[in-house]
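Below is one structure, written out as structure tokens; the observations come after it.
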Amino acid sequence: MTALLEVKDLVKHFVAERSLFGRPTAYIKAVDGVSFTVEAGKTLALVGESGCGKSTVSRLVLRLIEPDKGHIQFEGRDLLGFDADELRAFRRKAQIIFQDPYASLNPRMTVSQILGEPLALHDLVPSTQRRARVDELLRLVGLEPRFARRYPHEFSGGQRQRIAIARALAVEPKLIICDEPVSALDVSIRSQILNLLRDLQERLGLAYIFVSHDLAVVKHIADRVAVMNLGGIVEAADTQSLFASPRHPYSRALLSAIPIPIPQAKRSRIVLQGELPSALHPPSGCRFHTRCPYVIDHCRSEVPELLADAAGHATACHRTGELPPADAIVPSDTGFSPSLERLVAAFSASEGSTGIGRG
């Protein structure tokens with residue numbers, strides 16, 4: 001299958017310090033050589049600790065900020081070579097859902113104005129038909145058309161996020177970047193929004209880049225996962241393979257930290273030692289070596305390549321083949337507990353065949 005989006009060797013360094021004469025003297029290496037692909041109708045999740053570069057990658061893909069180096073291809077075309085008109089056309093095909101539904105919607109605009117604005121900007125629907133299109137978008141995300149006259153402060157968090165999703169869908173995109181779209185929501189509402197996103201993906205053939213630190217959510221929605229650490233990808237695989245057999249020590253530590261809502265459950269928690277290195281002065285060699293329990297001298301001096309096996313499971317670690325089996329470290333019941341799986345299933349059933357609720 002041809003990739004919808006291809007990112008290769010993406011780099012973004014932010015100036016952290018300048019000399020008296022304004023010359024940059026220090027940089028924060030937010031994104032440093034990231035590569036991945038996203039297929040049409042599939043979901044790639046970017047996961048990792050805060051500050052690892054996940055959100056910066058998503059904004060680089062949309063050219064909300066400009067990369068220093070690298071290549072981005074969308075539908076086989078060089079995105080970084082687009083002029084203003086081509087970039088405007090691209091923005092129709094790629095949208096973003098922000099983390100905070102309380103901040104991402106203009107409080108001075110009604111829902112009708114919020115959803116009608118992208119329709120007018122891209123001249124998608126005649127002015128006489130925009131109200132009908134707004135009503136259609138609200139129904140698509142499980143809200144009633146009568147809500148179009150209300151302002152954002154009149155809605156709950158889950159309803160606001162549905163409005164944000166409707167705004168992203170208004171221009172009929174092919175790619176949506178979901179930047180922590182459910183982290184600010186209650187667990188019950190979170191399940192409804194996740195079911196909504198999955199349902200819309202199946203019905204409209206959408207591709208998602210799902211940025212999250214919640215691995216239980218990622219397991220529920222993603223087809224493929226890329227684990228980031230200090231601006232680079234250390235492991236990438238399909239979701240089932242990564243959760244069943246993580247290979248990088250950092251991925252294993254992340255998975256071992258997933259909460260299991262079973263008090264009696266026994267698990268082997270991997271507690272990383274040492275301080276998190278700064279992106280301003282990253283370590284030499286493997287950037288994880290200062291906290292890795294399996295570090296050797298070779299790790300401190302040489303940067304490991306992200307190498308994939310025949311199944312597409314890629315790992316950036318010098319000792320991948322020497323580490324103990326993952327099932328001895330990471331419990332097999334990470335992710336959703338059976339009770340939470342039943343909760344998600346119950347919400348799905350109550351939302352009907354479309355998977356859309358009212359939260």
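As the structure is a prediction and not an experimental result, all values here were calculated from the model.
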Leu80 and Arg63: CA distance, side-chain angles, deciding distance, side-chain contact (heavy atoms from CB on, under 4.5 Å) verdict = CA-CA 8 Å; Leu80 300 182; Arg63 282 189 61 183; 4.0 Å; yes
Under 3.5 Å, is there a donor-acceptor pair between the side chain of [X] and the main chain of [Y]?
X: Ser35; Y: Asp9; answer: yes
X: Ser212; Y: Val218; answer: no
X: Arg319; Y: Tyr294; answer: yes
X: Lys54; Y: Gly48; answer: yes
X: Thr43; Y: Asp223; answer: no
X: Gln159; Y: Leu143; answer: no
X: Arg162; Y: Val141; answer: yes
X: Gln161; Y: Val182; answer: no
X: Arg190; Y: Leu185; answer: yes
X: His318; Y: Glu302; answer: yes

What closest approach, in Å, do [X] and [Y] show between heavy atoms, and which atom pair accounts for it?
X: Val303; Y: Gly285; answer: CG2-O, 3.5 Å
X: Val61; Y: Phe90; answer: O-CZ, 3.8 Å
X: Leu4; Y: Ala40; answer: CB-N, 3.9 Å
X: Ala94; Y: Leu62; answer: CB-CD2, 3.5 Å
X: Phe288; Y: Pro249; answer: CE2-CB, 3.7 Å
X: Pro283; Y: Leu230; answer: CD-CD1, 4.1 Å

Is any NZ, NE, NH1 or NH2 atom of the basic residue among [X] and [Y] found under 4.0 Å from an Asp or Glu carboxylate oxygen of the other?
X: Arg77; Y: Glu86; answer: yes
X: Arg139; Y: Glu136; answer: no
X: Arg88; Y: Asp85; answer: no

When rounded to the nearest 0.5 angstrom, what distance separates [atom1] in [X] from [atom2] in [Y]?
X: Ser55; Y: Leu64; atom1: OG; atom2: CG; answer: 11.5 Å
X: Arg160; Y: Glu154; atom1: CZ; atom2: CD; answer: 9.5 Å
X: Ser58; Y: Ile96; atom1: OG; atom2: CD1; answer: 4.5 Å
X: His248; Y: Leu306; atom1: NE2; atom2: CG; answer: 9.0 Å
X: Glu6; Y: Ile72; atom1: CD; atom2: CD1; answer: 11.5 Å
X: Leu276; Y: Glu49; atom1: CG; atom2: CD; answer: 5.0 Å

Near [X] [atom1], under 6.0 Å, is it more than 12 heavy atoms from other residues, nucleotides or ligands?
X: Arg146; atom1: CZ; result: yes
X: Glu66; atom1: CD; result: yes
X: His71; atom1: NE2; result: no
X: Arg149; atom1: CZ; result: no

Yes or no on side-chain contact (heavy atoms from CB on, under 4.5 Å) for Tyr208 and Ile177, after CA distance, side-chain angles and deciding distance?
-> CA-CA 6 Å; Tyr208 294 142; Ile177 294 178; over 6 Å; no
Decide yes or no for Glu235 and Tyr250: does some side-chain heavy atom of the first lie under 4.5 Å from some side-chain heavy atom of the second?
-> no
Heavy-atom distance under 4.5 Å between the side chains of Leu124 and Glu172, does that happen here?
-> no
Are Ile189 and Phe147 joined in one hydrophobic group, where the rule is that I, L, V, M, F, W and Y side chains link up if heavy atoms are under 4.5 Å apart?
-> yes
Report the C-alpha separation of Ile193 and Ile165 in whole Å, then their side-chain angles, then the decisive distance to 0.1 Å, and conclude whether the side-chain contact (heavy atoms from CB on, under 4.5 Å) test is met.
-> CA-CA 9 Å; Ile193 297 299; Ile165 294 171; 4.1 Å; yes
Cation-pi check, Lys12 to Phe14: give yes when NZ or CZ is under 6.0 Å from the six-membered ring centre and within 45° of the ring axis, no otherwise.
-> yes
Could you go through the side-chain contact (heavy atoms from CB on, under 4.5 Å) check for Ile209 and Val57 one step at a time?
-> CA-CA 10 Å; Ile209 296 178; Val57 168; over 6 Å; no
